[in-house]
Chemist: 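Questions regarding the structure given below will be posed in turn.
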Amino acid sequence: MGDWIEPGKKAPDFTLVADNGQKIKLSQFRGRPVVLYFYPKDDTPGCTREACAFRDAKAQLEKLGAQVLGISPDEVQSHAQFRDKYSLNFPLLADPDHKVAEKYGAWREKVRFGKKSMGIQRSTYLIDADGVVRRVWKNVQVDGHDQEVLKALTEIVAG
């Protein structure tokens, strides 16, 4: 379980396979902001609402120059089915060994029904065009989160 990457720190680079089978490297988006969000599992109620909210905000995010990337431990095939079922319009990245989630601090101990286990804590990183983390949401409440991210992104882009 790694420490959270805090605002002001360089976002750790990584390469993961996306839902379309292509390798995506975080650094390929330098020059534009990135909304990097970690979510527990494809096609579950909270994760679906979160993904669909980012899908629906795509025009506003693009106007601000931002790229959304979703990461979960699910495999590429699961991501492809999730993408197709909900017409998701941004890459979903497979992190089955949760190495990237650990790097960012999103892989944490969770307690559910009194049982402890390790898993993704729903979290979002707003990374600026220079690759620096500007905002972190560590325990995301899904409803309204897309609007919080848009508001923070607007502030960062406006300078």
Side-chain angles (χ1 to χ4, degrees), residues 1-55 57-58 61 64-86 88-112 116-142 145-146 148-149 152-153 156:
M1 178 168 71
D3 291 331
W4 292 104
I5 301 297
E6 296 293 345
K9 300 273 187 225
K10 203 82 161 146
D13 200 14
F14 59 80
T15 302
L16 290 174
V17 179
D19 51 77
N20 63 3
Q22 293 184 327
K23 287 188 173 174
I24 297 228
K25 194 174 172 88
L26 179 63
S27 58
Q28 80 188 55
F29 299 104
R30 283 283 148 67
R32 63 190 289 203
V34 173
V35 176
L36 180 67
Y37 82 98
F38 291 88
Y39 66 100
K41 189 155 181 47
D42 289 340
D43 209 4
T44 54
C47 297
T48 299
R49 284 198 329 271
E50 184 175 29
C52 290
F54 282 129
R55 174 200 66 202
K58 184 172 175 93
L61 289 159
L64 296 166
Q67 173 66 53
V68 175
L69 300 173
I71 298 180
S72 87
D74 295 300
E75 299 289 343
V76 171
Q77 183 182 351
S78 173
H79 282 337
Q81 291 169 340
F82 186 41
R83 174 201 66 212
D84 293 348
K85 183 174 180 179
Y86 295 100
L88 301 178
N89 51 18
F90 54 86
L92 299 174
L93 308 179
D95 187 20
D97 57 8
H98 45 81
K99 282 190 171 32
V100 175
E102 286 184 42
K103 238 186 236 189
Y104 278 79
W107 187 256
R108 311 200 74 71
E109 185 175 85
K110 299 164 83 167
V111 179
R112 188 173 164 94
K116 289 183 181 178
S117 65
M118 295 299 288
I120 295 284
Q121 181 169 320
R122 189 182 310 279
S123 46
T124 303
Y125 290 82
L126 184 51
I127 302 166
D128 71 15
D130 297 321
V132 175
V133 174
R134 297 292 296 273
R135 281 288 306 271
V136 180
W137 291 267
K138 295 180 182 175
N139 197 1
V140 169
Q141 301 304 310
V142 172
H145 180 58
D146 58 319
E148 290 176 36
V149 171
L153 184 60
I156 288 166

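All figures in this text were calculated on a predicted structure; none of them were measured in a lab.
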Chemist: Please check: side-chain N/O of D74 versus main-chain N/O of D42, any donor-acceptor pairing under 3.5 Å?
Modeler: yes
Chemist: Please say whether more than 12 non-hydrogen atoms of neighbouring residues, nucleotides or ligands are located less than 6.0 Å from NZ in K9.
Modeler: no
Chemist: Do the side chains of Q67 and P91 get nearer than 4.5 Å, heavy atoms only?
Modeler: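 In short, these two side chains touch, coming nearer than 4.5 Å.
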Chemist: So, the side chain of Q121 versus the backbone of K138: is there a donor-acceptor pair under 3.5 Å, distance only?
Modeler: yes
Chemist: So among V100, T124, L93, which one has a side chain to side chain contact (heavy atoms under 4.5 Å, CB included) with F38?
Modeler: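 The side chain to side chain contact (heavy atoms under 4.5 Å, CB included) with F38 is passed solely by V100 among V100, T124, L93.
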Chemist: How many angstroms lie between CE in M118 and CZ in R108, if you round to the nearest 0.5 Å?
Modeler: 8.0 Å
Chemist: As an exercise, state the distance from OG of S72 to CZ of F82, rounded to the nearest 0.5 Å.
Modeler: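 One gets 8.0 Å once the value is rounded to the nearest 0.5 Å.
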Chemist: Excluding sequence neighbours, so at least two apart, what forms salt bridge (Lys or Arg N to Asp or Glu O under 4.0 Å) with D128?
Modeler: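 Partners of D128 by the salt bridge (Lys or Arg N to Asp or Glu O under 4.0 Å) criterion, ordered by chain and then number, come out as R134.
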Chemist: The criterion is side-chain hydrogen bond (donor to acceptor under 3.5 Å, both in side chains); which residues satisfy it with S27, sequence neighbours excluded?
Modeler: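 Checked S27 against side-chain hydrogen bond (donor to acceptor under 3.5 Å, both in side chains); matches are D13.
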Chemist: Closest heavy-atom contact between E75 and A94?
Modeler: C-CB, 4.1 Å
Chemist: Okay, side chain of D130, backbone of V132: is any donor-acceptor separation there less than 3.5 Å?
Modeler: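 Between the backbone of V132 and the side chain of D130 there is no qualifying donor-acceptor contact (under 3.5 Å).
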Chemist: Which residues pass the side-chain contact (heavy atoms from CB on, under 4.5 Å) test with P12, not counting sequence neighbours?
Modeler: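 Scan of P12 (side-chain contact (heavy atoms from CB on, under 4.5 Å), adjacent residues dropped) gives I5, K103, Y104.
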Chemist: For A101 and D95, which heavy atoms make the closest approach, and how far apart are they?
Modeler: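 Where A101 meets D95 most closely, the heavy atoms are N-OD2, 2.9 Å.
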Chemist: So, taking the atom named NE2 in H145 and the one named CZ in R49, what distance separates them when rounded to the nearest 0.5 Å?
Modeler: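 Going from NE2 on H145 over to CZ on R49, the span is 12.5 Å.
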Chemist: Do L126 and V35 come close enough that some side-chain heavy atom pair is under 4.5 Å?
Modeler: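 A side-chain contact exists here, since the closest heavy-atom pair is under 4.5 Å.
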Chemist: To the nearest 0.5 Å, what is the distance between CD1 (I71) and CG (L26)?
Modeler: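 So the gap between those two atoms works out to 8.0 Å.
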Chemist: Could you tell me the separation between the CD atom of Q77 and the CG atom of D19, rounded to the nearest 0.5 Å?
Modeler: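 The distance works out to 12.5 Å.
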Chemist: List for me each residue that meets side-chain contact (heavy atoms from CB on, under 4.5 Å) alongside V17, sequence neighbours excluded, and say none if there are none.
Modeler: K23, V76
Chemist: Please test L36 against F14 for side chain to side chain contact (heavy atoms under 4.5 Å, CB included), starting from the C-alpha separation and ending with a verdict.
Modeler: CA-CA 12 Å; L36 180 67; F14 59 80; 3.9 Å; yes
Chemist: Look up atom CG in D97 and atom CH2 in W107, then write down how far apart they are to the nearest 0.5 Å.
Modeler: 9.5 Å
Chemist: What orientation do F54 and Y37 show, parallel under 30°, tilted 30 to 60°, or perpendicular over 60°?
Modeler: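 Correct class here is tilted.
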Chemist: With sequence neighbours left out, write down each residue that passes salt bridge (Lys or Arg N to Asp or Glu O under 4.0 Å) with R32, or none if nothing qualifies.
Modeler: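 Partners of R32 by the salt bridge (Lys or Arg N to Asp or Glu O under 4.0 Å) criterion come out as none, since no residue qualifies.
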Chemist: Taking all heavy atoms of N89 and all of K58, pick out the closest pair and write down the distance.
Modeler: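 What the structure gives for the nearest pair is O-NZ, 2.9 Å.
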Chemist: Within the 4.5 Å heavy-atom criterion, are P73 and I120 side-chain neighbours or not?
Modeler: yes
Chemist: Heavy atoms, side chains only, cut-off 4.5 Å: are P33 and L153 in contact?
Modeler: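 Sidechains of L153 and P33: in contact.
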Chemist: Compare all side-chain heavy atoms of P7 with those of V136 and state whether any distance is below 4.5 angstrom.
Modeler: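 Yes, their side chains come closer than 4.5 Å.
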Chemist: Does NZ in K10 sit with more than 12 non-hydrogen atoms of other residues, nucleotides or ligands closer than 6.0 Å?
Modeler: yes
Chemist: Aromatic rings Y39 and H79: how do their planes relate, parallel, tilted or perpendicular, breaks at 30° and 60°?
Modeler: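 Tilted, since the angle between the ring planes falls between 30° and 60°.
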Chemist: Can you name the residues that form a side-chain hydrogen bond (donor to acceptor under 3.5 Å, both in side chains) with D43, not counting sequence neighbours?
Modeler: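 Residues passing side-chain hydrogen bond (donor to acceptor under 3.5 Å, both in side chains) with D43: K85, Y86.
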